[in-house]
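Just so we're clear, the structure is a prediction, and the values are computed from it rather than from any experiment. Lettering of chains follows the sequences in order, A, B, ..., and the numbering in each one begins at 1.
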2 protein chains.
Amino acid sequence: MAFPPFAVTVDLVVFTIRDDQLCVLTIERGEAPFAGGQALPGGFVLPDEDLADAAARELAEETGVGKDAELERVHLEQLGTYGDPTRDPRMRTVSVAYLAFAAQLSEPIAGTDAAAAQWMPVASALTTSLAFDHGQILADGLERARAKLEYTTLAATFCRDEFTIADLRHVYELVWDVTIDPRNFHRKVLASEGFVEPTGEQTSQGRGRPAQLFTRGDATQLHPPIRR
Amino acid sequence: MAFPPFAVTVDLVVFTIRDDQLCVLTIERGEAPFAGGQALPGGFVLPDEDLADAAARELAEETGVGKDAELERVHLEQLGTYGDPTRDPRMRTVSVAYLAFAAQLSEPIAGTDAAAAQWMPVASALTTSLAFDHGQILADGLERARAKLEYTTLAATFCRDEFTIADLRHVYELVWDVTIDPRNFHRKVLASEGFVEPTGEQTSQGRGRPAQLFTRGDATQLHPPIRR
DNA sequence: CGAATAGTGTCTTTAAGACACTATTGA
DNA sequence: TCAATAGTGTCTTAAAGACACTATTCG
């Protein structure tokens, strides 16, 4: 049976928190179209590769994540598929976008084919003209991320293995771009069964009373949700 | 630039309510693989066609919806993309699934290439072995539909232009497979700004006090949500 | 009339938000 | 000591659910 041939790619919206800002991984394009412009990382799906595997592979190539158990600490989910016939001037391309949440990773970002990769503050990225329809993909990814924090425990994937309630609150504040009452937030998180588990340890990293340390709990969904 | 060629299709999960049951549109496959088996409707995306347009076209071909203003009364959204390398034994295929909600349509369902199309109760469809990975797509679509009723006004798209609060409640009960207190539901819907608008008319279709008729309101989101 | 459904009111419980207050650190 | 942050308690308000009660129809 004959069928119209398409190129299928995956594009990644990878969020992390760096320097007190929500950041997204971008690359500088090395070739036309949009040569020299900023874009989301991504690439072709291989002939015998599942879509999620392709996304994980690209993520590993761009960030070094996935080498060992690191992948376990990254959340990766399908975001949506973008297939406007004019989205890529070279050929008919359908791109399956994936959304990733990562704790601050080891600094190095070694692109393979990409000229350079960097963590760009989302606030900047939203006002930058990204290649292809990547501006739309980023906007959709941000909205998905914001919604997911409400009813899942995924905020904790932005934190290191051990974190304080304040760290977790900070994730919500940066992603939602709001301020949250520390006292009410504290109570809500502790009341949410399986969200965080105390380690028994404490931090003494700065001024103020030391905070207890926690690890991620078993729960994936929040009942009740933490609303924006 | 060389790239691996993929076939790209759209598959549809079309829900409606018929005979007091949540039903999904299925077709009987006319050719191999899975000839004679049940499948979700769908087809190839055309070389210069947007994905959403392809989904709308397939929906129109299978249901007759979309001829006129009918499309306005159908909700269509992207559900997810399925691209396991083994999902279609004939070729490497990526399918973009769309989810549709429709009020009970005019009975006729004229498939073009499909051997036959029918409204199958979802309860049956979930236990039927559908072609390809359509069982998974259906399950994902059902979960998405259930979630959407919570925080959007989309339940009303299952109703005819004019409907009663009881009709709307019935949608929730059938999709969620629960029973809902009619009195609390009534209050909640009326308190939800923009969910429904009274027409001033009444029904007198059976035993009991006649109910007021409503049309869909302007709101798309529910604040607060109606929880499962 | 009684059964059935529409629609309103009221009470209890749960959770959100505001905010007073205590606890424990570093400068 | 004070400033800063961690953590607890309490009050008010909003919303969910249980359910009594009234309203209006058909048989």
Peer 1: Within this structure, what is the CD-to-C1' distance between Q212(A) and dT8(D), rounded to whole angstrom?
Peer 2: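 Whole-Å distance recorded here is 13 Å.
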
Peer 1: Using atom types as modelled, flag every donor-acceptor pair under 3.5 Å from a side chain in residues 132-140 of chain A to any protein atom, sequence neighbours excluded.
Peer 2:
unit_1	atom_1	unit_2	atom_2	d
D133(A)	OD1	R87(A)	NE	3.4
D133(A)	OD1	R87(A)	NH2	2.8
D133(A)	OD2	R87(A)	NE	2.8
H134(A)	ND1	L40(A)	N	3.0
H134(A)	NE2	D11(A)	OD2	3.2
Q136(A)	NE2	D140(A)	OD1	2.8
D140(A)	OD2	Y82(A)	OH	2.5

Peer 1: Can you tell me if D19(B) uses its side chain to pair, donor with acceptor, with the backbone of Q21(B) under 3.5 Å?
Peer 2: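 Not a single qualifying donor-acceptor pair exists.
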
Peer 1: Between P on dA16(D) and CG on L222(B), what's the gap in Å once rounded to a whole number?
Peer 2: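 Computing the L222(B):CG to dA16(D):P distance gives 10 Å.
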
Peer 1: Measure the distance from CG on D167(A) to P on dG7(D) and round it to the nearest whole Å.
Peer 2: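 About 11 Å, once rounded to whole Å.
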
Peer 1: Please check: side-chain N/O of E173(A) versus main-chain N/O of I180(A), any donor-acceptor pairing under 3.5 Å?
Peer 2: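 Between the backbone of I180(A) and the side chain of E173(A) there is a qualifying donor-acceptor contact (under 3.5 Å).
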
Peer 1: Between dT13(C) atom P and N184(B) atom CG, what is the distance in whole Å?
Peer 2: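 Atom CG in N184(B) sits about 15 Å away from atom P in dT13(C).
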
Peer 1: dT8(C) phosphate, OP1 or OP2: any side-chain N/O from H186(B) under 4.0 angstrom?
Peer 2: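 For dT8(C), OP1 or OP2 has a side-chain N or O of H186(B) closer than 4.0 Å.
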
Peer 1: Could you tell me how far apart Q202(A) (CD) and dA23(C) (P) are, to the nearest whole angstrom?
Peer 2: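 Value for this atom pair: 15 Å.
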
Peer 1: Could you give the CG-to-C1' distance, from L190(A) to dG9(D), as a whole number of Å?
Peer 2: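 Rounded to the whole Å, the gap is 14 Å.
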
Peer 1: Nearest to the side chain of A211(A), which nucleotide is it out of dC19(C), dC19(D), dG7(D)?
Peer 2: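 That would be dG7(D).
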
Peer 1: dT8(D) P sits how many Å from K188(A) NZ, rounded?
Peer 2: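 To the nearest whole Å, that distance equals 16 Å.
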
Peer 1: Across the strands shown, which category fits A191(A) at heavy-atom distances under 4.0 angstrom: base, sugar-phosphate, nothing?
Peer 2: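 If one applies the 4.0 Å heavy-atom cut-off, A191(A) turns out to touch nothing in the nucleic acid.
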
Peer 1: Both I226(B) and G208(A) contact DNA chain D. Which one's nearest nucleotide lies toward the 5' end?
Peer 2: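 On the 5' side of the pair lies G208(A).
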
Peer 1: Apply the test side-chain hydrogen bond (donor to acceptor under 3.5 Å, both in side chains) to residues E77(A) and H75(A): give CA-CA distance (whole Å), side-chain angles for both, the deciding distance (0.1 Å), then the verdict.
Peer 2: CA-CA 7 Å; E77(A) 68 176 46; H75(A) 170 74; 2.7 Å; yes

Peer 1: Between dC21(C) atom C1' and R209(A) atom CZ, what is the distance in whole Å?
Peer 2: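 Rounded to the whole Å, the gap is 12 Å.
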
Peer 1: Do you know the tightest heavy-atom contact between A117(A) and I27(A)?
Peer 2: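 Shortest heavy-atom separation between A117(A) and I27(A) comes out as CB-CG2, 3.9 Å.
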
Peer 1: Nearest-nucleotide wise, let me know which of P210(A) and R187(A) is further upstream toward the 5' end of DNA chain C.
Peer 2: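 The answer here is R187(A).
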
Peer 1: So which nucleotide from dG7(D), dA6(C), dC19(D) ends up closest to the side chain of R183(B)?
Peer 2: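 Per side-chain heavy atoms of R183(B), the pick is dC19(D).
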
Peer 1: Side-chain N or O of R169(A) versus OP1/OP2 of dA6(D): is the shortest distance under 4.0 Å?
Peer 2: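 Answer is yes, contact under 4.0 Å.
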
Peer 1: If you assign each of P224(A) and I165(B) to its closest nucleotide in DNA chain C, which residue comes earlier from the 5' end?
Peer 2: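 By nearest-heavy-atom nucleotide position, the 5'-most residue is I165(B).
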
